[in-house]
Each structure stands twice: as C-alpha cells, then as structure tokens.
Amino acid sequence: MVAARLRARPARAGDVPACVELLAHEGARGAWLDVARLQSLLAQRRLLWYVFEEAAGSRVVVRGCGISGFVPAARATQALREGAGDWVEALLGAGRGGAAPALLDRAGQAHWRAAAALAGVALNFAIDTAPGTPADAVAALAQTVFVQAHSGYGLALMLAEVRPWEGKAPAYRASLRAMGCAETAPCSRSGTQLLWLDAQRIAEAPYHVLQPLFVRDAPRLGLTPAQQDVLELAVLGADDRSIALALGVSPHTLHKRWRAIHARADAVLGHAPPPAGALPRRGAEKRAPLIEYVRLHPQEIRPWPPRRR
C-alpha cells in the first residue's frame, strides 16, 4: 500500500470546481458558487488561492483550500468604519456589468505594497470533513501555508469576514478573537462581521504568529514575475517537473529562468567560489542556499514595481 501524503500548491483553474464543492458544503453561497467567475479572478491573479491535496500513488484528492485577496488599505479602512455587510461578496462580484474588479491584480498589489498601503483579505477557506479525511493534518498544513504565503507583503491591515450562514463561523470567529483581532459589530442586515489586525497591533505583539505578514522590507533581487513564480513553487518544495507543469512551460524554458535567477542572485548577494578541487554545485545543491534565502526573505517573491534600468 502506498502511503498518502499531504501537500500544498497554488491552485489552477481545474481545481476550482472541487474547491467550490467543498465551500458549498460549508454553506457558501452567491459568488462563491460561480465557478467561471472564480476562474476568471484566479487567471487575472486577483486571488491568492492554495489547494491542499492528499496524494497516494496516482490518486490525488483535494482536501481543502484557502483563498485570499488584496485591496488598498483605504478601501479596507472604509469597510471597517462603515461596518460593510457581506463585504467579501461585493469584492468578488465587483466587475460585473463592466465595473472594474475590486480585488487588486499583481500590478495593483505591487503599487500599494510599495506605498505601504496594502491590505490583505482572508476571503474563504474549506477543509474536507468527510470520514477518512485527515482534517486535523489538513488544517495544520493550511495554517502553515497561510503564514508562508502572506509573509513579506508588508501589510497595513489583514481582514477576515465571518459569515453566520457558514458552518465554520463560530469556530472561525473564536480563532480570530484568540489571535487578538479587533472586530466590528455584526451587520444588522446580513449578520456578517469583519475582524482584523493592523500594523499597530502587531507592533505591540512582536512574537505574534502573523507578524511576518506586516514586515515592510523592499526586495533586493528585483526578480521578474515569472522568476518569482519559479521560486515561490520551489520554496513549497516542488521539483522542476512539478514547477514546469504548474507554470505551463517547457523544461528548457524553466532551465533558462533558473539561470537568470542565479545570475541575478550572484550579482546582488555575491557568490562564494567553491573550495579548490571541489566539483561545481548543480541542481538542487546549488539552489538550496538561494531557496533558504527566499524562505527567510519572502519579500523577494512578492509583487513590487519593476526596477528601473
């Protein structure tokens, strides 16, 4: 028997139907059931979406997902001030009928991140609770990936919305309160409630588990978005075959990207030559220090305005 293992990766369009099924089981409604709409937002890079899957041999099953997005901090502050009801539905639904989407794309994230005025929004998540599912292990993986995937953005705010019609609402609200989140009063119309952390609260709690989300450091490497995508997957532990498949590129193209990444890293960070007589480092051995650097400095793989030449 092949032992099953859990892994996380960025979502692809084909994952959306399975994720929507999990979300619907939790009681999600409205825009969360619109597969085409969600796939469009994902393709536009307006959603930060991870899937958590269980793999045993050739059998792979999606066991959970986590979905976030970003808005200008001023928009988030306005929602908190006004006690906006069903706010996430509005963020997902904006853009219909010709209106501009509310969630920021990669360029918008870069702009507001550089301005130190970016807010993150934990939009939704789901964990499969069917019999035989390692739900506790999936939840632990989801928590680890959430911190890893959102670190380095230098957020001004991080918000979440609790929706009373979803089955996870009571436990989710309790968890957010336990993390020290402030909260709005429940909306009188929809019953939804916003809970949040901001940079000031985090500054008062330097050992908070979400502290890395609020660290504001500019990147040093100046990588392109395509190069950042490669490193993001590598940090998650993906091998070259998985990276090429996820990005839809050939092994040759991926090799060229790795060469460009190493050239840039060597130029900026410096490169110690191997000891005399040592064989040159290749592949995983050569990448290990770079991947560890990026793991410790996640701002390198977050959106940032392109460097001027």
Side-chain angles (χ1 to χ4, degrees), residues 8 10 45-50 66-77 80 103-123 125 140-160 175-176 178-182 194-225 227-237 261 264-265 268-270 288-307:
R45 305 296 292 269
R46 297 181 190 274
L47 297 176
L48 184 61
W49 191 323
Y50 279 81
I67 311 158
S68 300
F70 299 92
V71 298
R75 184 171 190 138
T77 301
L80 295 174
L103 294 167
L104 296 170
D105 60 11
R106 201 163 188 165
Q109 295 166 30
H111 171 80
W112 291 108
R113 182 188 161 208
L118 182 66
V121 186
L123 297 169
F125 70 94
L141 176 62
Q143 291 165 2
T144 299
V145 171
F146 180 87
V147 175
Q148 183 176 333
H150 294 79
S151 294
Y153 276 95
L155 298 178
L157 290 155
M158 186 75 207
L159 299 84
S175 297
L176 293 168
M179 287 192 289
C181 290
L194 294 174
L195 292 92
W196 79 96
L197 287 168
D198 58 25
Q200 180 178 346
R201 282 176 175 267
I202 290 295
E204 296 168 357
Y207 302 110
H208 197 290
V209 67
L210 298 185
Q211 192 269 348
L213 282 62
F214 296 83
V215 174
R216 293 176 181 169
D217 289 330
R220 295 176 61 193
L221 299 181
L223 300 171
T224 67
Q227 293 165 353
Q228 289 176 327
D229 288 343
V230 171
L231 280 172
E232 182 177 5
L233 291 165
V235 167
L236 285 170
I261 290 168
R264 182 63 186 166
V268 175
L269 304 177
L290 174 59
I291 292 173
E292 182 61 18
Y293 169 80
V294 172
R295 185 176 285 111
L296 295 174
H297 301 85
Q299 68 270 17
E300 299 291 0
I301 53 175
R302 306 304 179 217
W304 190 259
R307 65 179 188 272

Could you state the interatomic distance from NE2 (H297) to CG (L269), rounded to the nearest 0.5 Å? 8.5 Å
Just to verify, what does R220 make a salt bridge (charged side-chain N to carboxylate O under 4.0 Å, His left out) with, not counting sequence neighbours? none
Pairing residues for D229 by the side-chain hydrogen bond (donor to acceptor under 3.5 Å, both in side chains) criterion, not counting sequence neighbours: R45, R106
Only pairs under 3.5 Å count here: list side-chain donor-acceptor contacts from residues 194-208, not counting sequence neighbours, and write none if there are none.
residue: D198; atom: OD1; partner: Q200; partner atom: N; Å: 3.3
residue: D198; atom: OD1; partner: R201; partner atom: N; Å: 2.8
residue: R201; atom: NH1; partner: G180; partner atom: O; Å: 3.2
residue: H208; atom: ND1; partner: L210; partner atom: N; Å: 3.0
residue: H208; atom: NE2; partner: M179; partner atom: O; Å: 2.6

Correct closest heavy-atom pair for L176 and A160 would be CD1-CB, 3.9 Å
Closest heavy-atom pair and its distance - A73, A119: CA-CB, 3.9 Å
Below 4.5 Å, heavy atoms only, C-beta onward: do P10 and Y50 meet side chain to side chain? yes
Distance check, rounded to the nearest 0.5 Å: L221 atom CG versus R264 atom CZ? 7.0 Å
Can you list the residues that meet the side chain to side chain contact (heavy atoms under 4.5 Å, CB included) rule with Q227, with sequence neighbours excluded? L223, T224, A260, I261
When rounded to the nearest 0.5 angstrom, what distance separates CZ in F214 from CZ in R216? 9.0 Å
Smallest heavy-atom separation, M158 atom then L213 atom, equals SD-CD2, 4.1 Å
Going from CZ on R75 to CG on L157, what distance comes out if it is rounded to the nearest 0.5 angstrom? 14.0 Å
Name all pairs fulfilling the side-chain hydrogen bond (donor to acceptor under 3.5 Å, both in side chains) condition that reach into residues 109-122, sequence neighbours left out, sorted by first residue then second. none
Provide the closest heavy-atom pair for R302 versus G152 in the form atom of the first, atom of the second, distance. CG-O, 3.6 Å
Which atoms form the tightest heavy-atom contact between A234 and I291, and what is the distance? CB-CD1, 3.8 Å
Got V215 and P298 here, is their nearest side-chain heavy-atom distance under 4.5 Å? no
Taking all heavy atoms of P305 and all of A110, pick out the closest pair and write down the distance. CD-O, 3.4 Å
Taking the side chain as everything from C-beta on, heavy atoms only, tell me whether F70 gets closer than 4.5 Å to L48. yes
Should Q299 and W304 count as side-chain neighbours, where that means a heavy-atom distance under 4.5 Å? no
Would V71 and L159 count as a side chain to side chain contact (heavy atoms under 4.5 Å, CB included) if you check the C-alpha gap in whole Å, the side-chain angles of each, and the deciding distance to 0.1 Å? CA-CA 10 Å; V71 298; L159 299 84; 5.7 Å; no
Mutual orientation of the aromatic rings belonging to H150 and Y153 [parallel < 30°, tilted 30-60°, perpendicular > 60°]: tilted
Counterpart residues, side chain to side chain contact (heavy atoms under 4.5 Å, CB included), relative to E292 (two or more places apart): R295, L296
